[in-house]
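Here is the structure we will look at.
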2 protein chains.
Amino acid sequence: MGSAAVRDRMLAAGQRITRQRDEVVDALERARRPLAAREICDAVAESNPDVGRATVFRTLHALAAAGIVQRVTLAGGRPGYLLCEAEGHHHHLVCTSCGRTIDLPESAVTPFLTGVEEAHGFTVDHSSFDVHGRCASCR
Amino acid sequence: MGSAAVRDRMLAAGQRITRQRDEVVDALERARRPLAAREICDAVAESNPDVGRATVFRTLHALAAAGIVQRVTLAGGRPGYLLCEAEGHHHHLVCTSCGRTIDLPESAVTPFLTGVEEAHGFTVDHSSFDVHGRCASCR
DNA sequence: TGTATAGTGATACACTGTCTCAGTTTCGGG
DNA sequence: CCCGAAACTGAGACAGTGTATCACTATACA
Ligand SMILES: [Zn+2]
Ligand SMILES: [Zn+2]
Ligand SMILES: [Zn+2]
Ligand SMILES: [Zn+2]
C-alpha cells in the first residue's frame, strides 16, 4: 500500500491488503489527479494484466468506504476517482485545465448547508458538490 | 409541448417541436420528480413504441440546453432528469424518501461560491450540487 | 407549397457498474 | 509457523448510460 496510514485505515475497516489493491492505489498516486474508471483499469493492466475489471471497481468501493478515495465528477459529467490526503468526506474544486483538485475545507461548507436546512426544513443526509473552473496557476 | 412557454423556449433556441419531444416532456410532467434515462425511455415507449433510444437522449440534451430540463444526481449516484418550473441553471435538494426536489434559490448559492473563489483564487465556470436528504413533509 | 435544415431510427460501439460462483489469498489465533 | 474463517479474486454475463454514423423524414418559415 502506498503508505502505512492507508494500510492501517484499510485494516481498521476490516479490509485486507492485496496485490490488486496496491496496484489501484499506485495508479492513483502516480496520477495525482482524478482518474476515470477506465483509466484506472488501463493503468493497472499495464503493471498487471491479470487484474479483473470487477476487482478494480470493488477496490474503488472499498477505498471509498475507508475514506481513502473520493468519487468526484469530471468535466463532462463523468465520474472520476481521487486519492486524497485529507481524511473523510469532503468536497473539491476541479480545474478544467490541469485536472488537479483543491480540497474544500468543511468549515466553508457546513454553514452553507446549515443555512439551506434551516431555510427549507430539509435534513441533509449526504452532499457532494461539483465545482469546475480554473485554478490559480491556470489563469 | 406541455406549455406554450416550453414551446417558445425550444423555438427560441433554434430547436423544433416534434412528436417525440412531446412524449419526453409529457413523461417528465407526469412524473413530477426526476427520472432515470431508462424510466423515460420506458414511459415514452408506452405511448409510442417507435421512439428510439437515441432520440430520447438527444431530446434530453436539447431540453437541457434550452434550460427546460436539469440533470440531477439521484440517490445512488445515478443521473436523473428533472423538468423544472424555474428557468436557467440552478441547484436542487433531492428527497431520498419521496423523490421530489426543492429548487435552491441562486441567492443562497452565489455568496457561497463567491467566498470559495476568493478563498482559493479559483474561477468557477460551472457548479452542480447534489444534496440528498429528507424534505419537510417526509420527516 | 417549397426547401433548407433540424430531427429521427437503427445499429454499433464504448464506458460504467453489478452480480454470481468456484477457487484463492489474507490475517489473526493457536 | 500453520490453520481456518472469511475476505477477496477473475471470468463472464448482464444492465444502464451515452455517443456516432447514415440514410431518411418532418418541421419551420418564407
Ligand atoms: Zn480531497
Ligand atoms: Zn489548473
Ligand atoms: Zn429546479
Ligand atoms: Zn420527501
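Below, read A as the first sequence line, B as the second, and so on, with proteins coming before strands; counting in each chain starts at 1. Below, each value reflects all heavy atoms present in this structure, side chains not excepted, and no hydrogens, waters or symmetry copies.
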message: Considering every strand and a 4.0 Å limit on heavy-atom distances, what is the contact class for Arg78(B): base, sugar-phosphate, or nothing?
response: sugar-phosphate
field: Shortest side-chain distance from Phe57(B), nucleotide among dT8(C), dG18(D), dG17(C)
entry: dG18(D)
task: Verify the neighbour count for atom NE2 of His61(B): are there more than 12 heavy atoms of other residues, nucleotides or ligands below 6.0 Å?
output: no
- request: Begin from the C-alpha positions of Gln20(A) and Val56(A) and carry the test side-chain contact (heavy atoms from CB on, under 4.5 Å) through to its verdict.
  value: CA-CA 8 Å; Gln20(A) 293 89 339; Val56(A) 172; over 6 Å; no
message: Is Tyr81(A) close enough to dG17(C) that one of its side-chain N or O atoms is under 4.0 Å from OP1 or OP2 there?
response: yes
message: Would you compute the distance between atom OG1 of Thr55(B) and atom CD of Glu23(B) and round it to the nearest 0.5 angstrom?
response: 11.5 Å
Over all atoms of both residues, closest heavy-atom pair of Gly67(A) and Arg9(A): O-NH2, 2.9 Å
message: Expressed as a whole number of angstroms, how long is the span from Asp22(A):CG to dT9(D):P?
response: 11 Å
message: For Ala54(B) and Arg58(A), find the nucleotide of DNA chain C closest to each by heavy atoms; which residue's nucleotide sits nearer the 5' end?
response: Ala54(B)
statement: Atom CD of Glu23(A) and atom C1' of dT25(C) are separated, to the nearest Å, by 15 Å
query: Could you state the CZ-P distance from Arg71(A) to dC15(C), rounded to the nearest angstrom?
result: 17 Å
field: Distance, nearest 0.5 Å, that separates CG of Leu63(B) from CD of Gln70(B)
entry: 11.0 Å
- prompt: To the nearest 10 degrees, what angle separates the axes at the start and end of the helix from dT1(C)-dA30(D) to dG30(C)-dC1(D), five pairs each?
  reply: 40°
query: Hey, does the side-chain of Arg53(A) have a donor or acceptor N/O within less than 3.5 Å of a partner on the base of dG10(D)?
result: no
Interatomic distance, Met10(B) CE vs dT27(D) P [rounded to whole Å]: 13 Å
query: Taking CG from Leu74(B) and P from dG16(D), how many angstroms apart are they, rounded to a whole number?
result: 14 Å
Using distance only, find each side-chain donor-acceptor pair of residues 109-117 of chain B under 3.5 Å and give its atom names and separation, not counting sequence neighbours.
{"residue": "Thr110(B)", "atom": "OG1", "partner": "Glu106(B)", "partner atom": "O", "Å": "2.9"}
{"residue": "Thr114(B)", "atom": "OG1", "partner": "Thr110(B)", "partner atom": "O", "Å": "2.8"}
{"residue": "Glu117(B)", "atom": "OE2", "partner": "Val124(B)", "partner atom": "N", "Å": "2.7"}

message: Which residues pass the side chain to side chain contact (heavy atoms under 4.5 Å, CB included) test with Arg78(B), not counting sequence neighbours?
response: none
field: Residues which pass side-chain hydrogen bond (donor to acceptor under 3.5 Å, both in side chains) with His90(B), listed by chain and number, not counting sequence neighbours
entry: His92(B), Asp103(B)
What's touching nucleotides 28-30 of chain D from the protein side, N or O pairs under 3.5 Å?
{"residue": "dA28(D)", "atom": "OP1", "partner": "Ile17(B)", "partner atom": "N", "Å": "3.0"}

task: Strictly below 4.0 Å, heavy-atom distances to any atom of DNA chain D: list the hits from residues 33-52 of chain A, or just say none.
output: Asp50(A), Val51(A), Gly52(A)
- request: Starting at CZ of Arg100(B), measure out to CZ of Arg33(B) and round the result to the nearest 0.5 Å.
  value: 10.5 Å
field: Euclidean distance, atom NE2 of residue His61(A) to atom C1' of dC8(D) [Å, nearest integer]
entry: 15 Å
task: Would you give the length of the straight line joining atom CD of Gln15(A) to atom CD1 of Ile68(A), rounded to the nearest 0.5 angstrom?
output: 7.0 Å
task: Please check if any side-chain donor atom of Arg139(A) sits under 3.5 Å from a side-chain acceptor atom of Thr123(B), or the reverse.
output: yes
field: Gln20(A) side-chain N/O to dG10(D) phosphate OP1/OP2 under 4.0 Å
entry: yes
- request: Could you walk me through whether Tyr81(B) and Leu60(B) pass side-chain contact (heavy atoms from CB on, under 4.5 Å), step by step?
  value: CA-CA 8 Å; Tyr81(B) 297 90; Leu60(B) 290 171; 3.8 Å; yes
